[in-house]
Amino acid sequence: MTALVAGCGGVTEGAAAAAPSTTAVAATESTTAWDPCTIPDEAIEAAGLAVETKKANLVGERPISPDWSTCFWRNPLPESWYLVGVFSSMFSLDYLRDEGPFEQFTAIDGFDGLRFQRKIKYDEVSCGIAIGHDNGVVYLMLDGLARTEPLADPCVEVERLARSLRPSLPSLS
């Protein structure tokens, strides 16, 4: 959940400005990751995801980490075979590459993201795309649903989703 703090007010000549509201806004803006649940429903639907499956957390009401903001969707029924999570943090792409639980980062032709895999391999269908931006990193992680045969290559599918959702994600300036 993203908190937004705002203040307004003017300065009367000869009077001091209200510094606390300015400080609160600056601190909030500099310590809050972009919220992936703000991706417009129209963009989610256009990407081929089921808008009604949107969840801010994978399990329950608690976030997976205070350092990450998340949102999850499934592809539509009747042939739902995966869940995709969009993760956002103020960590850098370099941090994700060097310290995160991922490996095999490779550039994608004609796209500003990097494809990656999990370091720990399970008998699973998964693939991810990471995109660095001015205030951190966003990544999409596609995970196949248990006991469901994948209907496509997960790396091809997550790249298709990333390209479709790219206009709704943070950018480098």
Side-chain angles (χ1 to χ4, degrees), residues 2 32-59 63-173:
T2 300
T32 303
W34 170 78
D35 180 1
C37 285
T38 62
I39 298 172
D41 288 348
E42 298 78 22
I44 295 299
E45 190 171 44
L49 297 170
V51 172
E52 67 277 6
T53 65
K54 175 179 171 179
K55 292 175 63 174
N57 299 302
L58 189 56
V59 178
I64 60 169
S65 165
D67 297 324
W68 291 90
S69 183
T70 59
C71 208
F72 301 87
W73 294 267
R74 287 184 181 214
N75 66 315
L77 297 172
E79 298 182 22
S80 184
W81 65 274
Y82 67 80
L83 172 79
V84 67
V86 180
F87 299 76
S88 172
S89 179
M90 295 191 64
F91 291 121
S92 68
L93 180 58
D94 287 337
Y95 175 87
L96 187 69
R97 193 175 6 206
D98 298 339
E99 305 294 329
F102 308 115
E103 64 184 3
Q104 300 175 13
F105 284 84
T106 57
I108 301 170
D109 288 339
F111 191 67
D112 62 342
L114 299 174
R115 183 179 301 115
F116 63 87
Q117 295 289 327
R118 284 193 174 95
K119 287 180 183 173
I120 298 173
K121 304 284 191 244
Y122 299 103
D123 186 20
E124 66 181 19
V125 172
S126 70
C127 194
I129 303 283
I131 303 164
H133 61 88
D134 289 340
N135 295 314
V137 66
V138 170
Y139 73 87
L140 288 78
M141 190 75 205
L142 183 147
D143 288 302
L145 300 177
R147 292 175 286 214
T148 303
E149 192 66 30
L151 299 178
D153 178 319
C155 290
V156 171
E157 182 65 5
V158 76
E159 182 179 334
R160 184 193 68 74
L161 292 169
R163 287 180 185 275
S164 179
L165 294 173
R166 187 64 184 103
S168 299
L169 305 177
S171 297
L172 292 171
S173 51

(message) side-chain contact (heavy atoms from CB on, under 4.5 Å) for L96 and F102? Distances and angles first, verdict last.
(response) CA-CA 8 Å; L96 187 69; F102 308 115; 3.7 Å; yes
Check [X] against [Y] and note the closest heavy-atom contact, atom names and distance.
X: K54; Y: C37; result: NZ-O, 2.9 Å
X: P170; Y: V138; result: CD-CG2, 3.8 Å
X: I129; Y: A162; result: CG2-CB, 3.9 Å
X: Q104; Y: Q117; result: OE1-CG, 3.5 Å
X: P76; Y: G48; result: CD-O, 2.8 Å

(request) Just do the side-chain contact (heavy atoms from CB on, under 4.5 Å) check on N57 and T70 with the steps written out, would you? (result) CA-CA 6 Å; N57 299 302; T70 59; 4.0 Å; yes
So do the side chains of [X] and [Y] get within less than 4.5 Å of each other, counting heavy atoms only?
X: S69; Y: P36; result: yes
X: E157; Y: W81; result: yes
X: W73; Y: I44; result: yes

For [X], what residues pass the salt bridge (Lys or Arg N to Asp or Glu O under 4.0 Å) criterion, not counting sequence neighbours?
X: D94; answer: R97
X: R166; answer: D112
X: E159; answer: R115, R163

(request) Apply the side chain to side chain contact (heavy atoms under 4.5 Å, CB included) test between Y82 and each candidate in V158, L49, V125; give the one that qualifies. (result) L49
State the [atom1]-[atom2] distance between [X] and [Y], to the nearest 0.5 angstrom.
X: S88; Y: W34; atom1: OG; atom2: CH2; value: 6.0 Å
X: S126; Y: L83; atom1: OG; atom2: CG; value: 11.5 Å
X: I131; Y: S171; atom1: CD1; atom2: OG; value: 8.5 Å
X: L140; Y: C127; atom1: CG; atom2: SG; value: 10.5 Å
X: N135; Y: M90; atom1: CG; atom2: CE; value: 5.5 Å
X: F116; Y: Y139; atom1: CZ; atom2: OH; value: 6.0 Å

(message) By the salt bridge (charged side-chain N to carboxylate O under 4.0 Å, His left out) test, which pairs, at least two apart or in different chains, include something from residues 37-47?
(response) none
Determine all donor-acceptor pairs shorter than 3.5 Å in which one atom belongs to a side chain in residues 147-156; sequence neighbours excluded.
unit_1 : atom_1 : unit_2 : atom_2 : d
T148   : OG1    : A146   : O      : 3.2
D153   : OD1    : C155   : N      : 2.7
D153   : OD1    : V156   : N      : 3.4

(message) Taking disulfide bond (SG atoms under 2.5 Å apart) as the cut-off, I'd like each qualifying pair that reaches into residues 76-108, sequence neighbours left out, listed once.
(response) none
(request) Output, in order, the C-alpha distance, side-chain angles, deciding distance and verdict of side chain to side chain donor-acceptor pair (under 3.5 Å) for N75 and S80. (result) CA-CA 5 Å; N75 66 315; S80 184; 3.3 Å; yes
(message) Applying side-chain contact (heavy atoms from CB on, under 4.5 Å) to T106 and L114, what does each step give before you reach the verdict?
(response) CA-CA 5 Å; T106 57; L114 299 174; over 6 Å; no
(request) Please lay out, stage by stage, how M141 and R118 fare under the test side-chain contact (heavy atoms from CB on, under 4.5 Å). (result) CA-CA 10 Å; M141 190 75 205; R118 284 193 174 95; 3.5 Å; yes
(message) Would you call the rings of Y95 and F91 parallel, tilted or perpendicular, taking 30° and 60° as the class edges?
(response) parallel
(message) Is it the case that the side chain of S89 and the backbone of W68 share a donor-acceptor pair, with hydrogens and angles ignored and the cut-off at 3.5 Å?
(response) no
